[in-house]
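A short write-up of the structure that comes next.
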Amino acid sequence: MYGFSAINASNGWAISVVGISIVFSGLVMLSLVISQLYKILGFWSNLSEIKIRKKFKRRKRTQANNLPFLTENQKEISRQLLLIAQITGNQFSIERLMHLAQISDVQEPKQHIDYLLETKIIISDGLGQFAWDKEKFDSAIQSK
Amino acid sequence: MYGFSAINASNGWAISVVGISIVFSGLVMLSLVISQLYKILGFWSNLSEIKIRKKFKRRKRTQANNLPFLTENQKEISRQLLLIAQITGNQFSIERLMHLAQISDVQEPKQHIDYLLETKIIISDGLGQFAWDKEKFDSAIQSK
Amino acid sequence: MYGFSAINASNGWAISVVGISIVFSGLVMLSLVISQLYKILGFWSNLSEIKIRKKFKRRKRTQANNLPFLTENQKEISRQLLLIAQITGNQFSIERLMHLAQISDVQEPKQHIDYLLETKIIISDGLGQFAWDKEKFDSAIQSK
Amino acid sequence: MDVLFLEFFQNTGFYLWDYRNIIMIFIGSVFIYLGIAKDYEPLLLVPIGFGMLIGNIPIFKGLGLGIYESNSVLHYLYFGVTQGIYPPLVFLGIGAMTDFSTLLARPVLMLLGAAAQAGIFITFLGALALGFEPNESAAIGIIGGADGPTAIFLTAKLAPRLIGPIAVAAYSYMALVPVIQPPIMKLLTTRKERLIKMEEPREVTKREKMVFPIVAFILCCFLAPAALPLLGMLCFGNVLKEAIVTERLAQTARTSLIDIATILLGVTVGASTQGDVFLKASSIKIFILGALSFCVATACGLLFAKVMNLFLKTKINPLIGAAGVSAVPDSARVVHVVGQREDPSNFLLMHAMAPNVSGVIGSAIAAGVLWSLMG
Amino acid sequence: MDVLFLEFFQNTGFYLWDYRNIIMIFIGSVFIYLGIAKDYEPLLLVPIGFGMLIGNIPIFKGLGLGIYESNSVLHYLYFGVTQGIYPPLVFLGIGAMTDFSTLLARPVLMLLGAAAQAGIFITFLGALALGFEPNESAAIGIIGGADGPTAIFLTAKLAPRLIGPIAVAAYSYMALVPVIQPPIMKLLTTRKERLIKMEEPREVTKREKMVFPIVAFILCCFLAPAALPLLGMLCFGNVLKEAIVTERLAQTARTSLIDIATILLGVTVGASTQGDVFLKASSIKIFILGALSFCVATACGLLFAKVMNLFLKTKINPLIGAAGVSAVPDSARVVHVVGQREDPSNFLLMHAMAPNVSGVIGSAIAAGVLWSLMG
Amino acid sequence: MDVLFLEFFQNTGFYLWDYRNIIMIFIGSVFIYLGIAKDYEPLLLVPIGFGMLIGNIPIFKGLGLGIYESNSVLHYLYFGVTQGIYPPLVFLGIGAMTDFSTLLARPVLMLLGAAAQAGIFITFLGALALGFEPNESAAIGIIGGADGPTAIFLTAKLAPRLIGPIAVAAYSYMALVPVIQPPIMKLLTTRKERLIKMEEPREVTKREKMVFPIVAFILCCFLAPAALPLLGMLCFGNVLKEAIVTERLAQTARTSLIDIATILLGVTVGASTQGDVFLKASSIKIFILGALSFCVATACGLLFAKVMNLFLKTKINPLIGAAGVSAVPDSARVVHVVGQREDPSNFLLMHAMAPNVSGVIGSAIAAGVLWSLMG
Ligand code: NA
Ligand code: NA
Ligand code: NA
């Protein structure tokens, strides 16, 4: 059998319409979720941000509030390090950060992490866990 | 059954003779073809040579015909580049030549290709395709 | 069936006792053998030592007996080379030693092997086979 | 002895050959040539091309040489194709290579990847109209997915005896993307449109990239469970890549594993094109339909992009719609090149990757749908 | 068309899903999270976790999607698990990575690797008491071996239908070693004991390292022939490593080969945990018994070390007894960390490796014994 | 409990052992020793040697431990040997490593690769005379091909139960090439001949190297279709290598893929030599015939080279005839060494590679012929 008769016989039109609409609904659904995902993840990390901030507050008080200076290169590397640090939640151990930084070959991670510690952009909870002081970091990044 | 009787019984002699002669005819055939292959490929590339030449002639006329100077190292590298260029037929795009040159780690391909372009040993058809001016290249190679 | 009845029913106690005792006897046996292995291998290599010594004696006589000087680094590398050399029995060819040294990336094997040859710590049997003069080596190592 | 010689001679290719073998050997050589000299998808055309040579050496049946003789080596290696095992392994590797950033930065571009799949279903109708069975038609339609492994996987499940022609068609056209697409792109877009510059995508956080493959997998496979083998492996590979801590597994997946799968898949698919089973009217039809589906898919992608522009505030360059056919990454490259011909300062490659990779997801879903409706 | 839509919809996960799938998908996500964010054995938890997602997408039977449907791709890949093929390949790679020097330097420490295996048999009794069949009980007991491949291998041979829960239990607890062991170590050792420093091990000659795997293999397999597949490959891999001249084979064994085996093993084991077959009372029991066996094994190792100290002239630090459970190299690391908490100048890692690797040999033997007594 | 102990003891190797196991374990150890200490083909002797240990641990039947028990792990891995799957994969890797330049520069040297194969057929006659079946005799003859994978492939097809002895014989003699060949070379050549220096080969164009594997494949397989699996993969691998654009596939073929195949092939072939099936009169005969065939093959190569010199204008050094046996690259090295003993300034290695690689092609063809005549 050929032509339209064949198509009708095997219910071709319906199948095609169903098919393409499934494909569309699938990707539409996905794109919607992703666009929300962005916000959800953002919200989540803010939440934990706040927890962290509480936890680290008393320590932060003690800090001098002068803005650390970062060269362009340091800014770039620090951004990379921040991305990596966040994979593992908002708290992390320095060893782990080092380890991951090496795998994803960031240049001279040791040196940069030390600088970030020194400038209190990475702050310790005194129990071996560390966190990223985003406020401070962002302002340090903006500053020319 | 043992000895010659066994050999005869299973037609051993014939099989052996057939066997070894097939092996020989196979490799003889192959060696003959290869020795011809050499010429055929040569002929073929000359043919396309001519086509190319036609295509590139008007451009070439405009060229100054003074012989470009090549250091021994440049000669060596250029030879390698030529070999690579020919894999892909007599015309090639510069990007592709670069790409292949890198895979087969030729040293500093960029720099050398630029020099060959400058010296018009690699000539453009003005439409993104390039070819190798063998005449010029060979004479440049010979020249001490 | 549950509890002890179940255990008894399927002869659990016996199985457990047998099981753990097999595991123990296995590893006890192994540990005993290994502790002996140490001596056996030692003995064996001494044996071949002696053979070698005989074979190389007349050559060694001719040697001046002044102790070669080795820097700490040379000592370290030489130790590695000795370990490697011993894999292949007490005699070895220089090519092979080189080859293995490269695979197990010893630093600058060539240079060090040459020095060991020069100082007669590695001695030739004149037929392309070489051996390690342990006496001399050890004394060279001890010497500050 | 003469008997023996004769007997042996009658088992040689010089005696057994058939014009169809010669044709196929020629085609195989052309494939190899295109792969090497023209650099069209060499990783696929070269193995398939050489496979065609292997499959078309005239052999005598019975000894267990041919790919269709059980107990032949080729048959065992072909098993991974007929059972659809290689394609998911290839997808695992692809997942471990793919970076979904651009797609995450601008999810709306996914719709282009969906639109281009219309080609699949239109071709499906065409195949039915040309008298193919429904299951065969579905397999033929998937050529429009412009995705080799997906095509092979679906065909293996729905119409095994068409694996040869469909795989060859799919890969040939994927290789010919730089030839097929540009004219259509020129035809369906105005210069003004082709000059549109797209805005920089926002920076994507590591966490999004980490979560995406998991969410994408669950959503798509809840919707089209039959896409599980392909999407599952694709997303699994991507998780291995993004997790960093599993880098060594991702590394193996994107090198040894995918290479081995590609070699065996390519050479056996090629070897399955024995002249007598391959050179048939049906194959010709399949090739025509395949070409059609590629053009239609490209067109759908382009046109849908233009439709989207009616609604979007920040216009997109409709050229990237053509990348929705998948054929990763060639069609994205083609988009880039065509774009640059108009304006060398316009870098579309990165933007084109979004519809490009979503096209892969799209055709996997389409394959799932067709499989479950036909299977 | 509505019919078709409805029909299709009834085949989607949105229609077919079952609360157990959701639970398992959640568990799978937790596995992936623990692997990535907490860095607990990521090379195992991530594949298994994603496998759980794959295995718990609600699918309709018949098409050949599920891992338990013959002719499904997952089923073919799962074959390497059910037939116990992947574990020996993994052991080949482990052998090609492992350095037995410390063990050769102080063979007596092997006994610790033996002691910790008591956990296996005590758990075996526990499982019997909880009403499991003998063969099942044996498989459950091996969880105490703290060695994934061994557990999977034995379970595949003795109680195939428990592969999912047992493998998951084994790997979860291996991943949780840093959580499970320290308290027990604190509990059963005095500060004074934890402060013991061990003497430097003697230097081991290349020849010993060369001969060891051969001797070890022959001895252990003469005693427990059923340990052949695992110990054979382990020692073979180690020979390839120590021989130097076979470096290239060792290299492949410890990279591509083990990675491929790990990927396929992990993802299929994960996929075998379909909610309806996995979420049962028996699984809960298995998890309880598994936890028990880990604790018992740790305790046995520690206590036996203390017993040994009664006889040894040069005392050993009982903490290293805990490394006898295997779970290479995590438990050795844990020992090191706990030791350093007491005295940062005390480096136990190297010493802990000896019981650690002999624990692997020990549990392989135990598996052999159980297999031959139950098989 | 005593019962249980006794029962278990009766299943240990200490109870089950048989003097033949001990002999084989000794032989296996010797293989490993030769591989490591003497550096004779370690990549083959070490796996085979350790396989012999694995295969000769005294085991009880029924549990599924032995390589000859259907559901054993070893049996599954051995499948690639019995079905002749590993050899073509090894050839793929070899093809991806081999450079045919010298052979292309001076095709006439191919004849030496043909001449040496006479050893195969003479041994075949010898085997018949010693009372072997024709198919067995053919398999034994191929030992003279001095090519492990080819020997295993043909034997798997013609006389599966002889795989063990034939593979072991083939590999042992290949390993002993440096011992076997030199005396024969000395015996059959005059010092004057050994001093002949050969002219520099002409430079070969990339294009020739590119076209060669394709032409060679088509020609040889048209003549001997049964050589398809081996030559097909060999030439395919070489195409991947020469094409440059497929470098990544060639890379995998010449590393992971060939290594994995070699490991599994070696260890299972070794394990197939269980004392009771291996230590038989027939094996002794096979070893004698194998030695014979190696000597004959070497002699034929040398003598044919001398014959050729009667006709050639530019004389060739007859020593390179000995490289025609294949055993790549050892026999070529031996030629080089022997040549240098006479004149350290004479570099024959490169020239010897031509007959060496054509010897591989030659024995593959011979295998094909024998298979099609016997199969
Ligand atoms: Na697509
Ligand atoms: Na253990
Ligand atoms: Na040969």
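The basis for the numbers below is simple: all heavy atoms, side chains too, and nothing from hydrogens, waters or symmetry mates. Just so it is clear: chains get the letters A, B, ... in the order the sequence lines come, proteins before strands, and each one is counted from 1.
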**Report entry** Toward chain E, the part of Leu30(C) with a non-hydrogen atom under 4.5 Å
**Finding:** both

Report task. Output the option from Leu219(E), Val204(E), Leu109(E), Val108(E) having the highest count of non-hydrogen pairs under 4.5 Å with chain C. Result -> Leu219(E)

Report task. Among Leu128(E), Val245(E), Leu104(E), single out the residue with the greatest number of heavy-atom pairs under 4.5 Å to chain C. Result -> Leu128(E)

Requested in this report: Could you go through the side-chain contact (heavy atoms from CB on, under 4.5 Å) check for Val28(C) and Met110(E) one step at a time?
Outcome: CA-CA 7 Å; Val28(C) 168; Met110(E) 278 191 158; over 6 Å; no

Query - Per-residue contact mode, Val33(C) against chain E (heavy atom under 4.5 angstrom) - result: side chain

Query raised in the report: Given side chains that start at C-beta, do those of Gln117(E) and Leu27(C) come closer than 4.5 Å, heavy atoms only?
Result: no

Requested in this report: Examine whether an atom of Ser25(C) lies under 4.5 Å from a heavy atom of chain E, and if so say whether it belongs to the side chain, the backbone or both; otherwise answer neither.
Outcome: both

Requested in this report: Of all the heavy-atom pairs spanning Val369(E) and Ile22(C), show the shortest one and how long it is.
Outcome: CG2-CG2, 3.6 Å

Query raised in the report: Relative to chain C, which segment of Ala115(E) carries a heavy atom at a distance below 4.5 Å: side chain, backbone, both, or neither?
Result: both

Query raised in the report: Can the ring centroids of Phe132(E) and Tyr2(C) be said to lie less than 6.0 angstrom from one another?
Result: no

Query - Non-hydrogen atoms of Ser10(C) and Pro134(E) that approach each other most closely - result: CB-CG, 3.6 Å

Query raised in the report: Which atoms of Glu208(E) come close to chain C, meaning under 4.5 Å heavy atom to heavy atom: side chain ones, backbone ones, both, or neither?
Result: both

Report summary line: If one checks every heavy atom of Phe304(E) against chain C at 4.5 Å, the contacting part turns out to be side chain

Query raised in the report: Tell me, side chain or backbone of Leu125(E) under 4.5 Å from chain C's heavy atoms, or both, or neither?
Result: both

Query raised in the report: Quick one: are Val17(C) and Phe121(E) in side-chain contact, heavy atoms under 4.5 Å?
Result: no

Query raised in the report: With only heavy atoms counted, which part of Arg106(E) is less than 4.5 Å from chain C, the side chain, the backbone, both or neither?
Result: neither

Requested in this report: Return the option, out of Ser5(C), Gly26(C), Gly3(C), with the maximum number of heavy-atom pairs under 4.5 Å with chain E.
Outcome: Gly3(C)

Query raised in the report: Which residue, Val211(E), Val215(E), Leu103(E), forms the side chain to side chain contact (heavy atoms under 4.5 Å, CB included) with Ile34(C)?
Result: Leu103(E)

Report task. Report the option among Leu373(E), Leu370(E), Leu130(E) that has the most heavy-atom pairs separated by less than 4.5 Å from atoms of chain C. Result -> Leu130(E)

